[in-house]
2 protein chains.
Amino acid sequence: MPTSTVENYLKAVLVRSADTESVVSTGALAEALGVTPGTITTMVKSLAAQGLLEHHPREGVRLTREGRALAMAVVRKHRIVETFLVQVLKMDWKEVHGEAEALEHAISERVLARLDALLGHPASDPHGDPIPGAKSPQLDPGSGQTLATCEPQTQLRVERILDQSAPFLEFIQRTGLKPGSRVRVRERDRASGVVRCELRTGEATLGLPEAAKIEVRAT
Amino acid sequence: MPTSTVENYLKAVLVRSADTESVVSTGALAEALGVTPGTITTMVKSLAAQGLLEHHPREGVRLTREGRALAMAVVRKHRIVETFLVQVLKMDWKEVHGEAEALEHAISERVLARLDALLGHPASDPHGDPIPGAKSPQLDPGSGQTLATCEPQTQLRVERILDQSAPFLEFIQRTGLKPGSRVRVRERDRASGVVRCELRTGEATLGLPEAAKIEVRAT
DNA sequence: ATTTACTTTTTGACTACTCAAAGTTGTCAT
DNA sequence: ATGACAACTTTGAGTAGTCAAAAAGTAAAT
């Protein structure tokens, strides 16, 4: 049974690899996991020895099929737990990420299956992130468009909130933006970094960096 | 934050101490936790250094107020989680103990409070074990009577199933005994170790050792 | 072609938990 | 009292995960 540390390392690699081919730098992992670079090198070598990932020294790291499957299972648990916390326990949108971070390592497949059924086999979690299926493991199709990159003046739908840090969640909660919201970009000023959007409930103003964390799709 | 190992040690001490005064032997803990006696001695010294229990060498171990509070919180989590698994997720009575064993270390106070509310602040778990209250921490009043010790021919009610090992749970599931069941001891033969009981649904025959794991109360 | 700056890896050390095996100690029967 | 025995503790060692600091490699700028 993999330890929760191992699960966290694999998950960090997974969510940072754009596709199966790309490698993730050890520096990025150190940043993401909050440990020193030396620790990453050590762990990565051990994970590679266990066949969970390939380590290309001074290049980066790539998951093996086995490592990927394991990481995907953890992401699935995380997102189902988040959905449960919000929909059944009525917890606040912005506090569930941290809770799920702990629970994802303690939940058995059996309990997970029950939760999934209770929730009606949801396709995405409260942040709009897709929940990989039990048998069809796949991750993050995603439109690739964000409020920072989309065509202005077109009618959009918020697909996913890409950043789950509490302050950002707090911020967008005030704007009223959430998965499913209808929105249109009114104007975007690359110089000042301001994005002005219109939503059914009013107006929202946000900066370019924030806008990049909100994935949208034309409707 | 205590590690789950620490939580498990404290819980093991708690559920094995009859009262606040009694000490628990390190041998009993080694048996309970499935580690060697030397490991217990080492850990117990470390726990004592942290102020969570008192170690009286070659005598045993007793929880401090702080250790007791921590252990009680873990037991509370365990029993609420078990109740949730059975009542909400409709899981099988006999498989929830193991699941709760893992979850009890991963659940925050916030999530616990939500679960408790969702379940209507239950007083006891599916095995009949009392759930210590959030503020009024107390453990195991218990009648002290079991099918092995009670007065024969009196009308009884099953209060708690004291042994949560899967085989035993499987066994009593076949007999139909569960918390709340009405039962009367027909005959008890100390020589052969046979206890014969009458329940509304029929008869059950069990041995003395098994009978000692079923707590009852006269009605 | 060096220097400089940056990233990554190595090294030595530490904490938490564990075991096997050897060493102590308390108790109980003689 | 005196063994004998069982329970308990000590000792030495190993795994997982971590850090700080030194060493090594890479790449871009001069």
Side-chain angles (χ1 to χ4, degrees), chain A residues 1-14 16-18 22-64 66-67 70-71 74 101-102 104-106, chain B residues 1-14 16-18 22-64 66-67 70-71 74 101-102 104-106:
Chain A
M1 197 124 307
T3 64
S4 57
T5 305
V6 167
E7 293 188 342
N8 280 334
Y9 274 68
L10 297 177
K11 188 177 63 156
V13 177
L14 179 69
R16 276 161 191 79
S17 19
S22 68
V23 300
V24 176
S25 76
T26 56
L29 293 177
E31 167 75 31
L33 293 165
V35 297
T36 63
T39 300
I40 294 291
T41 304
T42 309
M43 278 299 291
V44 143
K45 285 204 289 193
S46 142
L47 262 18
Q50 291 169 64
L52 296 170
L53 47 73
E54 300 163 25
H55 181 205
H56 302 286
R58 290 182 199 273
E59 288 256 325
V61 135
R62 184 179 21 231
L63 293 175
T64 60
E66 187 185 348
L70 222 161
V74 176
E101 208 64 31
E104 69 189 1
H105 308 295
Chain B
M1 195 122 308
T3 64
S4 58
T5 305
V6 168
E7 293 189 341
N8 279 334
Y9 274 68
L10 296 178
K11 187 177 64 153
V13 177
L14 179 68
R16 276 162 192 78
S17 21
S22 68
V23 301
V24 176
S25 75
T26 57
L29 294 177
E31 167 75 32
L33 293 165
V35 297
T36 61
T39 300
I40 296 289
T41 302
T42 309
M43 279 298 291
V44 144
K45 286 205 286 192
S46 141
L47 262 18
Q50 291 170 64
L52 296 170
L53 48 73
E54 300 163 26
H55 181 203
H56 302 285
R58 294 190 195 264
E59 287 254 325
V61 135
R62 181 176 28 227
L63 293 175
T64 61
E66 187 185 347
L70 223 160
V74 176
E101 208 63 31
E104 67 188 3
H105 308 295

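Chain letters run A, B, ... following the sequence lines, proteins first, then strands; residues in each count from 1. Side chains are part of it too, since the values below use all heavy atoms of this structure and drop only hydrogens, waters and symmetry mates.
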Original post:
So do A:Leu63 and A:Leu53 actually touch side chain to side chain, heavy atoms under 4.5 Å?
Top reply: yes
What is the distance from [atom1] of [X] to [atom2] of [N], rounded to the nearest Å?
X        : N      : atom1 : atom2 : value
A:Glu31  : C:dC6  : CD    : P     : 16 Å
A:His105 : D:dA16 : NE2   : P     : 18 Å
B:Leu33  : D:dC8  : CG    : P     : 14 Å
B:Gln50  : C:dA16 : CD    : C1'   : 10 Å

Sub-3.5 Å pairs of nitrogen or oxygen atoms, protein against nucleotides 7-10 of chain C:
from	atom 1	to	atom 2	distance (Å)
C:dT8	OP2	A:Gly27	N	3.0
C:dT8	O5'	A:Thr26	OG1	3.4
C:dT8	O2	A:Arg58	NH1	3.3
C:dT9	OP1	A:His55	NE2	2.9
C:dT9	OP1	A:Arg58	N	3.0
C:dT9	OP2	A:Thr41	OG1	3.0
C:dT9	O4'	A:Arg58	NH2	3.3
C:dT10	OP2	A:Lys45	NZ	2.5

**OP:** Show the numbers, then the answer: is there a side chain to side chain contact (heavy atoms under 4.5 Å, CB included) between B:Val6 and B:His105?
**Re:** CA-CA 10 Å; B:Val6 168; B:His105 308 295; over 6 Å; no
Subject >> Presence of B:Thr3 side-chain N/O under 4.0 Å of C:dC17 phosphate oxygens OP1/OP2 >> reply: yes
**OP:** Look at A:Tyr9 and D:dA16 and indicate whether a side-chain polar atom (N or O) is within less than 4.0 Å of OP1 or OP2.
**Re:** no
**OP:** Apply salt bridge (charged side-chain N to carboxylate O under 4.0 Å, His left out) to A:Arg62 and list each qualifying residue two or more places apart in sequence or on a separate chain.
**Re:** A:Glu54
**OP:** Enter the distance from A:Leu47:CG to A:Thr42:OG1 here, rounded to the nearest 0.5 Å.
**Re:** 11.5 Å
**OP:** State the OG1-CG distance between B:Thr64 and B:Leu52, to the nearest 0.5 angstrom.
**Re:** 5.5 Å
**OP:** Would you check, one step at a time, whether the test side chain to side chain contact (heavy atoms under 4.5 Å, CB included) holds for B:Met43 with B:Leu33?
**Re:** CA-CA 12 Å; B:Met43 279 298 291; B:Leu33 293 165; over 6 Å; no
Original post:
In terms of side-chain heavy atoms of B:Thr36, which of C:dC17, D:dC19, C:dC19 is nearest?
Top reply: C:dC19
